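Remember, it's a predicted structure, so these values are computed and weren't measured experimentally.
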Amino acid sequence: MSLVFYNTLSREKEPFVPLDAAHIRLYVCGPTVYDYVHIGNARPVVAFDVLYRLLKRRYPRVTYVRNITDIDDKIMTRAAEGGETIEALTGRMGKAYQDDMGRLGALPPDAEPRATEYVGQMVALIERLIARGHAYEAQGHVLFSVPSMSDYGQLSRKPRDELIAGARVEVAPYKKDSADFVLWKPSAETQAGWPSPWGRGRPGWHIECSAMSAAHLGETFDIHAGGLDLIFPHHENEIAQSRSAFGHAIMAKYWMHNGFLNISGEKMSKSLGNFLTLHEMLDQYPGEAIRLLLMSAHYRQPLDFTPDGLARAKSTLDSWYGLLRGKDVAAAPTVPKSVEDALSDDLNTPLAISALHQLTDPAELRAGANAIGLLQQDAEAWFRWTPAGASGPSDAEIEAAIAARQAARKAKDFKESDRIRDDMKARGVILEDGPKGTTWKRG
């Protein structure tokens with residue numbers, strides 16, 4: 001089945017026709033690393049990791065770029081509050097982000113540029129915009145001139161008054177138009193800053209991604225993806241900058257956006273006390289269970305993240321790993337057609353998961369699950385996972401209990417055998433008898 005994706009730019013599902021079938025290029029907006037990311041930040045990573053895996057199965061070369069924003073006023077504020085350098089904060093949080101995404105089973109991107117490494121390219125891009133009449137300097141700032149682009153707003157399709165109201169841009173007397181947005185702004189001596197033709201300062205958020213995507217993927221590329229909240233102003237302004245600087249009709253051919261994530265029916269908010277960091281969640285639940293829940297709704301639809309949903313996801317994985325347990329099962333050489341067809345239709349992961357439930361052959365199940373980043377570990381390792389800080393028995397204690405129970409059964413002391421089994425259950429360990437002996441899992 002050919003690939004079909006929903007393109008936010010056209011508001012339609014379209015067949016995927018790459019710019020160059022020999023080399024697919026994908027850019028996904030990454031995090032601003034001033035703290036541990038929240039669980040909502042994990043959704044685009046998982047959704048577009050599925051996309052990356054799909055593209056890699058279909059094309060000989062795929063370059064996936066996911067940036068890290070390490071220039072931002074929130075970063076400066078948090079570093080000052082914590083009494084550490086910006087470099088130390090962003091280094092620590094950037095590493096935590098990478099580790100946490102790995103624990104979710106996400107493949108690392110082919111390139112993960114940090115904004116601080118591309119300030120020179122940002123300055124050059126701003127100079128180009130000024131030279132082409134799309135930007136201007138004013139009181140140490142450089143701003144993009146929105147009226148200079150006749151079709152600005154194609155991605156978000158908002159009327160001009162909504163564009164201005166939703167842009168969250170500073171109202172300033174030096175702006176020629178209220179919709180104009182910052183490309184460069186001055187930095188005080190106590191703030192992070194870099195030299196530029198307009199004085200010491202720092203780039204605006206939007207120019208960062210335009211510069212980094214161009215550096216790694218070229219002036220135009222196939223797919224740009226991210227959260228629904230990035231459509232405006234971030235992605236709209238990226239398009240304006242890149243098209244105006246390079247003179248092309250497109251920046252990316254396809255724009256893909258994942259929907260919002262709610263917590264038990266409510267918008268995630270610190271004020272509601274339901275703000276969940278992925279780092280904390282990964283200490284309490286297996287990464288694959290979180291991943292499965294994140295894929296349980298179509299990536300473009302809202303997702304309700306609940307404890308019951310996590311429990312169901314873990315139970316599903318228990319059953320799948322149970323089919324693999326005790327078997328030396330390699331994945332089948334090809335993904336089952338039912339799974340591949342579901343993913344080929346705009347990454348329909350709920351349908352792919354439904355297809356997995358119909359598979360009974362362990363090799364096919366592993367191949368289908370691998371296509372969406374599941375069943376990536378040994379079955380025994382899965383069943384022996386335990387939450388951080390859990391006080392249950394150690395693996396050695398469990399194995400000793402199993403040996404003692406086997407001895408009791410051999411001596412026909414079934415009362416003692418049942419006592420050991422019940423004691424393990426009370427301590428969170430389920431003993432299961434089978435034709436090949438006793439296995440166990442943490443409940």
Assess, by modelled atom type and distance only, whether the side chains of D433 and T438 contain a donor and an acceptor separated by less than 3.5 Å. yes
For Y27, which residues count as a ring pair (Phe, Tyr, Trp, His ring centres under 6.0 Å) partner, sequence neighbours excluded? H224
Ignoring hydrogens and angles, tell me if any N or O in the side chain of R157 forms a donor-acceptor pair with the backbone of L9 under 3.5 Å. yes
With no hydrogens and no angle check, just 3.5 Å: does a side-chain donor-acceptor pair link Y34 and D70? no
Report yes or no: is the cationic atom of R43 (NZ for Lys, CZ for Arg) under 6.0 Å from the centre of the six-membered ring of Y299, at an angle within 45° of the ring normal? no
Ring centres under 6.0 Å, that's the criterion: do F48 and H257 meet it? no
Just checking, any donor-acceptor pair under 3.5 angstrom between side chains of Y6 and H298? no
Parallel, tilted or perpendicular: rings of Y152 and F232 (30°, 60°): perpendicular
Looking at R442 and D395, is any side-chain nitrogen of the basic one under 4.0 Å from a carboxylate oxygen of the acidic one? yes
Classify the side-chain pair N237/W205 by whether it contains a donor and acceptor separated by less than 3.5 Å. no
Without hydrogens or angle criteria, can the side chains of S264 and N262 be said to hold a donor-acceptor pair below 3.5 Å? no
Does a donor on one side chain and an acceptor on the other come within less than 3.5 Å for S296 and R312? no
Under 3.5 Å, is there a donor-acceptor pair linking the side chains of W385 and Q377? no
Using the side chain to side chain contact (heavy atoms under 4.5 Å, CB included) rule, take Y64 and L107 through it: C-alpha gap first, then chi angles, then the decisive distance, then the call. CA-CA 10 Å; Y64 170 28; L107 298 172; over 6 Å; no
Can a side-chain donor-acceptor contact be found between E236 and Q154 if the only test is distance below 3.5 angstrom? no
Pair R25, T63: side-chain N/O donor-acceptor within cut-off below 3.5 Å: no
Determine whether Y97 and D35 make a side-chain contact, defined as any pair of heavy atoms from C-beta on separated by less than 4.5 Å. no
Judged by modelled atom types alone, do S210 and E238 share a side-chain donor-acceptor pair under 3.5 Å? no
